[in-house]
Structures are given as structure tokens and as C-alpha cells.
Undergrad: 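Once you've had a glance at the structure underneath, I'll fire off some questions.
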Amino acid sequence: MNRRRPKEEKGAPKWMVTFSDLMTLILVFFILLFSMSVVDAEKFRAIADSFQQRQVLDFLPSAIEFETPREERGEQRKDPFDEGKFGEEQDVNMDELLEEVQEFLETNELTELISATRDDRGVVLVLQERTLFATAEADVLADAKPFLDKVGTLLVAIPNMVKVEGHTDSRPISTFRYPSNWELSGARASSVIRYLVDNHNLEPNRFIATGYGDTRPVMPNTTVENLQTNRRVVIVISDPAYDVEDTF
């Protein structure tokens, strides 16, 4: 009898099929890793480019290391009150603004004429009447214009809404131009705004003029010094987070 030869199986060995599947899976895995790394790099570059276009980062430390220094990219640091530091689309930190304003007043030797404080409404500048107007008048004095120009320089550098308040003491007034303290206080606030807008290219729609007469004294109207303190013009640089209607 002839011996039967074992039947030879055609095709690749079974172990090779398993090995090929394993190699294919490993290849797919590394392709997936590579594609994910490319996407992340593109996103990172897009984020970095968007950060470079934001002016606010010119004044904050960046967590991203750029390939070239700021100077080589043609970017220069600006003075704290250069025009455009606070762009129209940026939010102004009011506490930092107060520090900048106080430094501005000290640098320009205005601390004896103007005081700066912070409240819920924003940064508040108080200008005494004697530095701005003659008694019972609302025309800005020539001697007041230099430091009003300094205030105008300050307001040019920021985009905030500005409210100007006129205040008087309790002594009654009755003249042809100003029948009462209401008219006088309102006229003084308007005169300050008109001077700032006319001389510093400020947008008129940023300003609100209000006359309070003698209704909001800061001191009792009992002494000459207190009367003088109550006669004032207040400039409120409004906090963007504060409702403008609430500044009244």
C-alpha cells in the first residue's frame, strides 16, 4: 500500500497572521499618537498667536516663552499713561487704576489740588472750587487750565465712562445767570466737561454732568473751612462693573 502524504495547507502560517495583526495595530496606534501631537501643536500656535495680539499681555508676565524677545519683535513697553494702554476692549482693574492715578497726581504735583479715592462707583477725583472757579461763577479760571489739562491727559489714556458732579455750600445764590445753587453746580460740572472735551479730543458720549447743589455736603456748613470743602467738583471714573445709572 502506498503511504498517504499529509495534506499541505496553503497560505501563510497561522502565527504569521497573528503577528501581522499585531504589527498593524501598533502602526495604527503610532499614527494616532502622531496625528494627535500635530493637532496639539497647531492649537498651541493658534493660542500663542492670539495672545501676542492682545495688548493687555504687554503689561502682564507671559507663561509662554516666545522664540524672540519683545524688543526683537518690534514691541516696546509703554509708559503707564501713554494713550492706548487701556484699550477699548479691555477691562480696567480699578484698584490698579487708583494706584496709577495717585502716582500720576504725585508726579505732576497735583496732590494739594486734587484728591483720589476709590469707592463702589470707581475712582473718584475731588477738585476744590477755589482752584477752578471764581465765587458764584462757572467759567473755568485760567490758572485752573494747566491741571485740568493733566486730568484730560489721564482720561485720554483710559476708556471708562466719566461722571462730573458739581457741589456747592448751603449759602443761597440768586443771580440772573444762576437763580439757585442747582444751576450753579450744574453749570460748573458742564464747564469742566466742555473744557476737557474741547481740548483733549475726548468723546462727549463718555461724560455725564450732574449738579447736586448743596444737597450732598461732606462737612456741616458751619464754618468757613467746611463751606470751602463742600464747594467742589467731583470727577468719577466709573467702574465698568458698576451700573452707570447707579452713579447718580
Undergrad: Would you say that V162 contacts V236 through its side chain, given a criterion of any heavy-atom pair below 4.5 Å between the two side chains?
TA: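 The answer is no, as the side chains (C-beta and beyond) never meet within the 4.5 Å cut-off.
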
Undergrad: Do side-chain atoms of D239 reach the backbone of D120 as a donor and acceptor pair under 3.5 angstrom?
TA: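 A pair under 3.5 Å: no.
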
Undergrad: Could you list all the salt bridge (charged side-chain N to carboxylate O under 4.0 Å, His left out) pairs where at least one residue sits in residues 195-209, not counting sequence neighbours?
TA: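 Matches after skipping sequence neighbours: none remain.
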
Undergrad: Tell me whether I193 is reachable from L184 by hopping between hydrophobic residues (I, L, V, M, F, W, Y) whose side-chain heavy atoms are closer than 4.5 Å.
TA: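 No.
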
Undergrad: Within the side chain of S191, is there an N or O that forms a donor-acceptor pair under 3.5 Å with the backbone of A138?
TA: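 At least one qualifying donor-acceptor pair exists.
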
Undergrad: Under the ring-ring contact (aromatic ring centres under 6.0 Å, His included) definition, can you give me all pairs with a residue in residues 181-210, not counting sequence neighbours?
TA: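 Residue pairs with at least one partner in residues 181-210: there are none.
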
Undergrad: Residues two or more places apart in sequence or in another chain: which of them pass side chain to side chain contact (heavy atoms under 4.5 Å, CB included) with A189?
TA: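 So A189 forms a side chain to side chain contact (heavy atoms under 4.5 Å, CB included) with V164, A209.
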
Undergrad: Any chance you could measure R130, atom CZ, to L141, atom CG, to the nearest 0.5 Å?
TA: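 Here the interatomic distance stands at 12.5 Å.
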
Undergrad: Can you list the residues that meet the side chain to side chain contact (heavy atoms under 4.5 Å, CB included) rule with L27, with sequence neighbours excluded?
TA: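 Checked L27 against side chain to side chain contact (heavy atoms under 4.5 Å, CB included); matches are I31.
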
Undergrad: Would you say the side chain of N181 lies within less than 4.5 Å of the side chain of T215, judging by non-hydrogen atoms?
TA: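 No, too far: nothing below the 4.5 Å cut-off.
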
Undergrad: Are V233 and Y178 connected in the hydrophobic side-chain network, where two residues link if heavy atoms are under 4.5 Å apart?
TA: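 No, separate clusters.
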
Undergrad: A136: which residues meet the side chain to side chain contact (heavy atoms under 4.5 Å, CB included) condition with it, sequence neighbours left out?
TA: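 In terms of side chain to side chain contact (heavy atoms under 4.5 Å, CB included), with neighbours along the sequence ignored, A136 is linked to I173.
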
Undergrad: Closest heavy-atom contact between D139 and F133?
TA: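 Distance-wise, the nearest heavy atoms are O-CD2, 3.4 Å.
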
Undergrad: So, the side chain of T168 versus the backbone of G213: is there a donor-acceptor pair under 3.5 Å, distance only?
TA: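 Here the side-chain-to-backbone pair exists.
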
Undergrad: Test side-chain contact (heavy atoms from CB on, under 4.5 Å) on V124 and V234 and set out the steps.
TA: CA-CA 7 Å; V124 180; V234 177; 3.4 Å; yes

Undergrad: Rounded to the nearest 0.5 Å, what's the gap from NZ on K150 to CG on L148? Could you check?
TA: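 CG of L148 is found 12.0 Å from NZ of K150.
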
Undergrad: For the CG atom of D21 and the CD1 atom of I26, what is their distance to the nearest 0.5 Å?
TA: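 That separation rounds to 11.0 Å.
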
Undergrad: Return the set of residues passing side chain to side chain contact (heavy atoms under 4.5 Å, CB included) with S170 (not counting sequence neighbours), or none when no residue passes.
TA: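 S170 satisfies side chain to side chain contact (heavy atoms under 4.5 Å, CB included) with D214, N221, L227 only.
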
Undergrad: Test side-chain contact (heavy atoms from CB on, under 4.5 Å) on L196 and L155 and set out the steps.
TA: CA-CA 9 Å; L196 294 173; L155 296 180; 3.9 Å; yes

Undergrad: With rounding to the nearest 0.5 angstrom, report the CG to OG distance, L105 to S115.
TA: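 Going from CG on L105 over to OG on S115, the span is 8.5 Å.
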
Undergrad: Under the 4.5 Å side-chain heavy-atom rule for ILVMFWY, direct or indirect, which residues accompany M219?
TA: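 Hydrophobic cluster check, M219: joined to V218.
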
Undergrad: Could you pull out the closest heavy-atom pair between M94 and I237, with the gap in Å?
TA: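 Smallest heavy-atom distance, with atoms named: CE-O, 3.4 Å.
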
Undergrad: Can you name the residues that form a side chain to side chain donor-acceptor pair (under 3.5 Å) with D95, not counting sequence neighbours?
TA: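 With sequence neighbours excluded, D95 shows a side chain to side chain donor-acceptor pair (under 3.5 Å) to R118, given in chain and number order.
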
Undergrad: If you define the side chain from C-beta out and look only at heavy atoms, does anything of V156 sit under 4.5 Å from L202?
TA: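 Sidechains of L202 and V156: in contact.
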
Undergrad: Would you check if T210 and K163 make a side-chain contact, meaning some heavy-atom pair closer than 4.5 Å?
TA: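 Result yes, sub-4.5 Å side-chain heavy-atom pair found.
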
Undergrad: More than 12 heavy atoms of other residues, nucleotides or ligands under 6.0 Å from CG of D143: yes or no?
TA: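 No, because the 6.0 Å sphere around CG of D143 holds 12 heavy atoms or fewer from other groups.
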
Undergrad: Kindly work out whether a path of hydrophobic side-chain contacts (I/L/V/M/F/W/Y, heavy atoms less than 4.5 Å apart) joins L32 to L25.
TA: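 In one cluster: no.
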
Undergrad: Taking only residues at least two apart or on different chains, which pairs with a member in residues 227-236 satisfy salt bridge (charged side-chain N to carboxylate O under 4.0 Å, His left out)?
TA: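 Qualifying pairs, neighbours excluded: E129-R231, D169-R231.
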
Undergrad: Is the closest side-chain heavy-atom distance between V126 and I114 below 4.5 Å?
TA: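 Heavy-atom side-chain distance check fails, nothing below 4.5 Å.
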
Undergrad: Okay, side chain of N108, backbone of L110: is any donor-acceptor separation there less than 3.5 Å?
TA: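 Checked: no pair found.
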
Undergrad: Would you call E137-R188 a salt bridge at under 4.0 Å N-O?
TA: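 Salt bridge between E137 and R188, a charged N being under 4.0 Å from a carboxylate O: no.
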
Undergrad: What are the two closest heavy atoms between A116 and L125, and how far apart are they?
TA: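 Closest heavy-atom pair between A116 and L125: CB-CD2, 3.6 Å.
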
Undergrad: Would you check if the side chain of T131 reaches a backbone N or O of L127 as a donor-acceptor pair within less than 3.5 Å?
TA: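 Judged by distance alone, no pair lies under 3.5 Å.
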
Undergrad: Tell me, which pairs form a ring-ring contact (aromatic ring centres under 6.0 Å, His included) where one or both residues lie in residues 138-171, sequence neighbours left out?
TA: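 Only H167-Y212 qualify under ring-ring contact (aromatic ring centres under 6.0 Å, His included).
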
Undergrad: Measure from the side-chain N and O atoms of N230 to the backbone N and O of P217, and report whether any donor-acceptor pair falls under 3.5 Å.
TA: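 Answer holds: no.
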
Undergrad: Sequence neighbours left out, what passes side chain to side chain donor-acceptor pair (under 3.5 Å) with S180? Give chain and number order.
TA: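 Testing S180 for side chain to side chain donor-acceptor pair (under 3.5 Å), a comparison that skips the adjacent residues, returns E183.
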
